[in-house]
Amino acid sequence: MLKIYNTLTQKKEEFKSIVPNKIGMYVCGMTVYDYCHMGHARTMVAFDVIVRYLRASGYEVNYVCNITDIDDKIIHRANENKESFEKLTARFIEALEEDMRALYVLPPSWQPRATAHIEEMQVIINALLEQDIAYLGGNGDVYYDVSTFPHYGALSHRHLDQLQSGIRVEVAEAKRNPLDFVLWKAAKPAEPAWASPWGQGRPGWHIECSAMSMKGLGEHFDIHGGGFDLIFPHHENEIAQSEAANHQTFANYWMHVGFLQINKEKMSKSLGNFFTIRDVLKQYSPEVLRYFILTSHYRSPLNYSEEALENAKTALTRLYIALRDSDCLEEKSEGVDSVWQKRFTEAMDDDFNTSEALAVLFDLAREMNRINVEDKEKASELGQQLKALANILGLLQQPPAVFLKEAILQQAGLDTTQVESLIQQRHEARAAKNWALADQIREELTRLGVVIEDNKAGGTRWR
RNA sequence: GGCUGGGUAGCAGAGUGGUUAUGCCGCGGCCUGCAAAGCCGCUUACGCCGGUUCGAUUCCGGCCCCAGCCUCCA
């Protein structure tokens with residue numbers, strides 16, 4: 001039985017979908033004015049694994065993840081660069097997709113962009129205005145009147161009065177209440193703008209997610225997710241808008257991914273302490289990043305460090321080494337009822353406990369290594385199970401040789417033949433019992449980053 | 001100040017009212033010409049103070065500390 005922690009109720013709840021065997025899921029994606037950093041990677045990988053697991057559990061998942069391609073930061077950055085905002089966002093959308101592909105993040109079922117749904121947003125704003133839930137500020141902006149929504153603060157577990165006292169921003173005079181948020185922003189001269197009943201302008205941030213989730217998933221859907229920092233005010237505002245407009249519950253389960261930290265601080269653009277995905281990929285293979293992200297539970301903070309990535313690399317290597325001896329070439333996925341499968345499922349059913357699930361993979365790998373000598377066939381069978389389970393996490397899908405060797409060759413600027421020729425020389429030295437020479441060659445290989453493993457039969461392999 | 005999370009062995013990171021997490025590192029053994037890989041075994045835990053209990057790291061209360069949110073942020 002699948003349990004999901006719901007931010008709204010602050011409890012793990014048994015998951016029940018609105019329509020049997022189908023899930024509608026919305027995740028707030030990126031604002032595209034810069035390259036994605038590792039924090040973004042964490043969120044996207046986390047939800048990717050969640051979707052993969054839900055699908056593996058038999059659900060048909062309609063996964064919508066938006067792209068915010070118009071907002072203040074985009075306009076600002078485009079101005080800085082002296083380019084159009086369209087050009088800017090097109091470039092970073094491409095980069096985003098490249099990064100996601102690299103990390104084996106499966107594309108969402110639908111990836112809507114804000115600028116393509118201005119009309120849908122206006123429809124909602126209009127409905128809110130008609131009900132006097134929204135109002136026109138004197139400056140041409142349209143605001144949402146937070147005081148009209150009785151459940152405001154339910155998701156972030158705050159009350160309106162608490163929020164008021166905590167206000168530390170200058171209040172826009174056009175607002176009735178400092179907590180009111182903008183639905184439609186009047187355009188300043190030379191800003192990108194769309195026509196509307198309230199004049200030229202652009203949508204506020206929150207309204208886009210209401211409009212696009214409604215379009216893709218309907219007025220009421222199963223799961224809504226995002227990073228922890230979106231709980232307030234973004235998701236709170238989405239709920240207020242959507243429920244006021246549709247007169248019904250917006251999303252049933254609210255899921256939030258914890259922060260990636262660096263030196264115990266949140267990694268973020270505002271703090272300037274971030275690493276972009278592409279930077280990190282220069283040093284570590286995408287699968288290592290993915291593994292690193294999955295070592296901790298999605299709701300816990302995860303500390304980024306070089307050491308942690310090195311650790312991830314070694315750990316993944318262990319799994320691939322277990323796999324390299326078994327010819328687990330596809331097929332034979334009948335081991336469905338195995339104890340491994342059961343343990344894995346139990347772990348994932350418990351609010352997607354990936355660290356526990358990884359522990360199962362390691363136990364499985366050990367078992368493989370143990371029986372590999374005496375029962376190769378059985379070991380291969382286990383290998384298939386290992387691969388199949390790992391696939392749900394988006395891991396271990398490369399041929400072991402590729403994972404184990406490619407990075408080394410690239411880093412050393414070598415090709416296979418060069419390595420093999422050295423190994424052949426060492427082989428000859430060993431055959432002549434010239435250990436000194438053999439060791440000297442091995443040292444040279446070590447210097448290149450190549451690890452040598454001799455086996456009993458007299459063969460040698462490397463990684 | 002209010003509201004969320006969290007404090008587990010050298011590090012990372014799960015979990016549990018009494019019995020092995022897991023990975024990395026370290027130590028011993030097997031294997032090896034020596035290594036590496038693998039296997040077997042071992043060492044180092046549950047922030048502090050009370051309470052409940054036959055028994056608490058696990059439940060309850062208090063305290064201390066850390067992170068996050070209350071402004072844009074995944």
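For clarity, every value in this text was computed on a predicted model and none was experimentally measured. Every chain is numbered from 1, with letters handed out A, B, ... down the list of sequences.
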Roughly how far apart, to the nearest Å, are [N] and [M] at atom [atom1]?
N     : M     : atom1 : answer
B:A12 : B:C72 : C1'   : 32 Å
B:C39 : B:A45 : C1'   : 26 Å
B:U53 : B:A21 : C1'   : 26 Å
B:C60 : B:A67 : P     : 25 Å
B:G41 : B:C24 : P     : 15 Å
B:U8  : B:G23 : C1'   : 16 Å
B:C27 : B:U19 : P     : 29 Å
B:C40 : B:C54 : P     : 40 Å

Mate of [N] where both pairing distances stay under 3.5 Å, Watson-Crick or G-U:
N     : result
B:U58 : none
B:C3  : B:G68
B:A37 : none
B:U16 : none
B:C73 : none

Give one of base, sugar-phosphate or nothing for [X], where a contact means two heavy atoms less than 4.0 Å apart.
X        : value
A:Ser305 : nothing
A:Arg426 : base
A:Gly258 : base
A:Glu310 : nothing
A:Asp454 : base
A:Ser300 : sugar-phosphate
A:Gly226 : sugar-phosphate

Whole Å only: how far is the [atom1] atom of [X] from the [atom2] atom of [N]?
X        : N     : atom1 : atom2 : value
A:Ile277 : B:A74 : CD1   : C1'   : 10 Å
A:His234 : B:C69 : NE2   : P     : 16 Å
A:Arg158 : B:G5  : CZ    : P     : 12 Å
A:Lys266 : B:C73 : NZ    : C1'   : 5 Å
A:Arg299 : B:G68 : CZ    : P     : 19 Å
A:Phe352 : B:G13 : CZ    : C1'   : 20 Å
A:Arg447 : B:A36 : CZ    : P     : 19 Å
A:Leu302 : B:A12 : CG    : P     : 11 Å

Would you kindly check whether a donor in the side chain of [X] faces an acceptor in the base of [N], or vice versa, at under 3.5 angstrom?
X        : N     : answer
A:Arg370 : B:C40 : no
A:Asp439 : B:G33 : yes
A:Ser355 : B:A14 : no
A:Asp71  : B:C73 : no
A:Arg442 : B:A35 : yes

Where the side chain of [X] is defined as all heavy atoms beyond and including C-beta, which of [options] is the nearest nucleotide?
X        : options             : answer
A:Glu453 : B:C34, B:A21, B:A37 : B:A37
A:His157 : B:C3, B:A74, B:G15  : B:C3
A:Pro233 : B:G38, B:C72, B:A74 : B:C72
A:Ser270 : B:C24, B:C73, B:G33 : B:C73
A:Arg463 : B:G33, B:A36, B:G13 : B:A36
A:Lys456 : B:A21, B:U32, B:C39 : B:U32
A:Ile321 : B:G38, B:G13, B:C73 : B:G38
A:Ser268 : B:G15, B:U4, B:C73  : B:C73
A:Asn369 : B:G38, B:U22, B:A74 : B:G38
A:Ile452 : B:G33, B:A35, B:U4  : B:A35

For a quick check under 3.5 Å, do [X] and [Y] share a side-chain donor-acceptor pair by atom type?
X        : Y        : value
A:Ser296 : A:Arg42  : yes
A:Glu428 : A:Gln424 : yes
A:Thr31  : A:Asp71  : no
A:Thr7   : A:His256 : yes

Is the [X] ring parallel, tilted or perpendicular to the [Y] ring (thresholds 30°, 60°)?
X        : Y        : answer
A:Tyr35  : A:Phe92  : perpendicular
A:Tyr152 : A:Phe149 : perpendicular
A:Tyr304 : A:Phe292 : perpendicular
A:Phe250 : A:Phe221 : perpendicular

_A:Arg91 with A:Glu94: basic N within carboxylate O range, under 4.0 Å_ = no

_Closest-nucleotide ordering on RNA chain B, the 5'-leading residue of A:Val451 and A:Tyr298_ = A:Tyr298

*Which residue lies toward the 5' end of RNA chain B, A:Asp350 or A:Ile231, if each is placed at its nearest nucleotide?*
A:Ile231

_A:Phe344, A:Tyr291, A:Tyr104 screened by side-chain contact (heavy atoms from CB on, under 4.5 Å) with A:Leu393, the one that passes_ = A:Phe344

If you compare every side-chain N and O of [X] against the phosphate oxygens of [N] (OP1, OP2), does one of them come in below 4.0 Å?
X        : N     : answer
A:Asn311 : B:A12 : no
A:Trp205 : B:C73 : yes
A:Thr68  : B:C72 : no
A:Tyr5   : B:G5  : yes
A:Arg318 : B:G38 : yes
A:Gln261 : B:C66 : no

*Is_stacked (A:Trp435, B:G33) at 5.5 Å, 30 deg*: yes

